[in-house]
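Working notes, structure below.
Labels below follow one simple rule: chain letters A, B, ... track the order of the sequence lines, proteins then strands, and each chain is numbered from 1.
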Amino acid sequence: MNTPDNRYRRSQEMFARAAQVIPGGIYGHAGPAVSLPGAFPYYAVRAQGCRYWDVDDNEYIDYLCGYGPMILGHQHPQVEEAAAKQQREALCLNHPGPIMVDLAEHLVSLIDFSAWAVFGKNGSDMTSWALQVAREHTKRRKILKVSGAYHGIGAWCTPGHGGLVAEDRMHIHDFNWNDLESFESLLKQHRGDIAGVIMTPYHHPAFKASQMPAPGFWPHIEAACSKQGIVLILDDIRAGFRLNLRGSHKFFGFEPDIICFCKAIANGHALSATLGRKELRVAASKVFLTGSYWNSPPAMAAAMTCLDVMQREDTVATLKSLGETFMSGLVEAGKKYGYAMIASGPPAVPFLSFAEDPDLRRQQRFCGEVTRRGAIFHPHHNWFLSSAHTPQDITATLQMADEAFAVMKSEGL
Amino acid sequence: MRAETRSSAVLSRLYLNAVLPCLTDLADQDPAARDLIGQLNARIALRILGGPAATLSLRRGHIDWQSGAPGWPSVLLLFFGERHLNAFFAGKKWAVPLPIWGGWRIGLLKRFSQLAAKLEAILNGHASVLASAGGRRLHARLSLIAAGLGLKALAQGDAIAMSTLRSLPPGLASFSIEAEPHATVWFDHGSKNSAAGWSDPPRRADVRIVFGNLKVAYAALRDEIDTMAAVGTGEIRIDGLIPLADGLNFVMERLRVYLQP
């Protein structure tokens, strides 16, 4: 595949090699099939602050932030130094390091309802384990989740189709976001057998605008779970530390029983965490949890520093302010050319889509045009901001968006 | 999600509404098939007692397919149930249909039987068919037709397909092979009903899936290439409502449960 200007020539050459030896070439969420084949870079080589460079040396302002982890920007000096310092001591040991205890204590003090913490490497590690804890605690089978919500790659929740059997989801039941009637219907249908409800703090499905909780939605879910002894699991992997440093439940005003973090916790170092109420502590101790690298200290050291920097610099406020300017600017830019735009999700984790675009082609063209101008806009996945983005970066991006809208308008799209 | 459960009703609809229509393209593309039809001018209807029917009109080397069996055909073949028809298409010798009209037209029935055998060999990918470039081309084209039209039959009765389709956005998907004439099949996934056709779609497709060439289409339809990688290399192009394409691709895989030899 060749773009008219060969902008992604090396990316495509590399992909052709990959396609020979790697299933899918690039698998998962970063695969070309879910972005813009031919109009998106496939491979990147270096990054600094809010910018990164692809293998063709194209420079981008990064609005994906590694799909979330880079909350302080790439190569944050303090975080990197903390990780490097720890790594000089030890990378992978037979035992956990003291840093694991420090980090668990720190997180438990930060997340007010929690009494314990465990660690993994990915979001999926945590959500799948949390389900088991809920089942162990309640001795029940059923798990309720929101239709279209992403919770990882476990067979119980993967958005993929391959390799599944009907039994994988025999006890997983979906209800619709903001639809208490469908939630209540499941509660009634499976009364006494529901172990847990797992939800993201707001709905951020792929290929669609994000949806915030309707007034009364979370209080109802929380009260129903409490009444029936159902473990409420908050999957805060994507939004965690971006809306409120103490967990996104604080932002929306409710309290879960378990919360799962990943992404922003260590500014790009591989770490995930789950925290829970003291009542779940015994169950948590009974559900086996481990992995080859899960005790590795450097990522934990990175997390300690990342959390400290976020607290000190009030990253949450910075992201909110940047995001508001960004999204209002994009909506205005669209309006200038006659496009009604939808800015959805919290400003710190924004997404922009066209109000009238049922086949997504406007969205795909717009994001392709902005991306080729130097700011990575994913057409189908929510975006992320980091505290390394500056008002000047936002202004430059808005200019690119203006040009993209102008091109689309001139072509009658 | 994998499950080997098959519905007899779905399988019979697949035979009537997705496999039989392939005869149209077979006659258009294959001179030998056209020769078999010759100067015939006849209509053959296949009906399940109390159930669906399909009619094939053979005329001057062409075959038209239509749903139902209106009027009086030249030959009317009756099946006593879905299983009877399914067994007939599966080649079971005992599953002869009852020719309630036109049974004396032995020559016509013989040629229809030869066409059906040819179609079966092509769709099943018999070694003799796949040995030649022409055979592979026919196999790719007819497999695409059967897969696209088969979506409707699956949407109407296969539990797994129906469950998947419920989670998909409504829209029209077209599947085509680049540089191949008249090689587009479409499926319109409506919120209540669905429709499918082997022709230019009735409106702009919400998602277009284009196989870059016949070789890619052949391999993709036989599940012999990494289609995700092919999207990245541009050998398969998808634009528009990607979740619909992704879901339909999975639903199409259900066809293997029904039609794989």
Task: Selection from A33(A), G160(A), P379(A), G148(A) maximising heavy-atom pairs under 4.5 Å formed with chain B - done: A33(A)
Task: Residues in residues 18-30 of chain A that sit under 4.5 Å from chain B, counting heavy atoms only - done: A19(A), I22(A), P23(A), G24(A), G25(A)
- [ ] Check whether any side-chain N or O of Q364(A) sits under 3.5 Å from a backbone N or O of G240(B) as a donor-acceptor pair, and report yes or no.
- [x] yes
Should the heavy atoms of other residues, nucleotides or ligands under 6.0 Å from [atom1] of [X] be counted, would the total exceed 12?
{"X": "M341(A)", "atom1": "CE", "answer": "yes"}
{"X": "E356(A)", "atom1": "CD", "answer": "no"}
{"X": "I153(A)", "atom1": "CD1", "answer": "no"}
{"X": "E224(B)", "atom1": "CD", "answer": "yes"}

- [ ] Counting only heavy atoms closer than 4.5 Å, note whether D226(B) contacts chain A via side chain, backbone, both or neither.
- [x] side chain
Task: Minimum heavy-atom distance F207(A)-I242(B), with the two atoms named - done: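 Nearest pair, atom of F207(A) first, then I242(B): CE2-CB, 3.7 Å.
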Task: Shortest non-hydrogen contact between L360(A) and P243(B), atoms and distance - done: CD1-CD, 4.2 Å
Open item on the list: Quick check: under 4.5 Å, non-hydrogen atoms only, which of residues 200-213 of chain B neighbour chain A?
Closed with: R204(B), A205(B), D206(B), V207(B), R208(B)
Open item on the list: For chain A, which candidate among L244(B), I238(B), D246(B) shows the most heavy-atom pairs at distances under 4.5 Å?
Closed with: D246(B)
- [ ] Apply the test side chain to side chain contact (heavy atoms under 4.5 Å, CB included) to residues N249(B) and H161(A): give CA-CA distance (whole Å), side-chain angles for both, the deciding distance (0.1 Å), then the verdict.
- [x] CA-CA 10 Å; N249(B) 182 47; H161(A) 305 294; over 6 Å; no
Show me, pair by pair, the donor-acceptor contacts under 3.5 angstrom made by side chains of residues 141-151 of chain B, not counting sequence neighbours?
unit_1	atom_1	unit_2	atom_2	d
R141(B)	NE	D25(B)	OD2	2.8
R141(B)	NH1	E180(B)	OE1	2.7
R141(B)	NH1	P181(B)	O	2.9
R141(B)	NH2	D25(B)	OD1	3.0
R141(B)	NH2	D25(B)	OD2	3.4
R141(B)	NH2	P181(B)	O	3.1
R141(B)	NH2	H182(B)	O	2.9
S143(B)	OG	H139(B)	O	2.6

Open item on the list: I'd like to check the ring pair (Phe, Tyr, Trp, His ring centres under 6.0 Å) partners of F384(A); sequence neighbours left out, ordered by chain and number.
Closed with: none
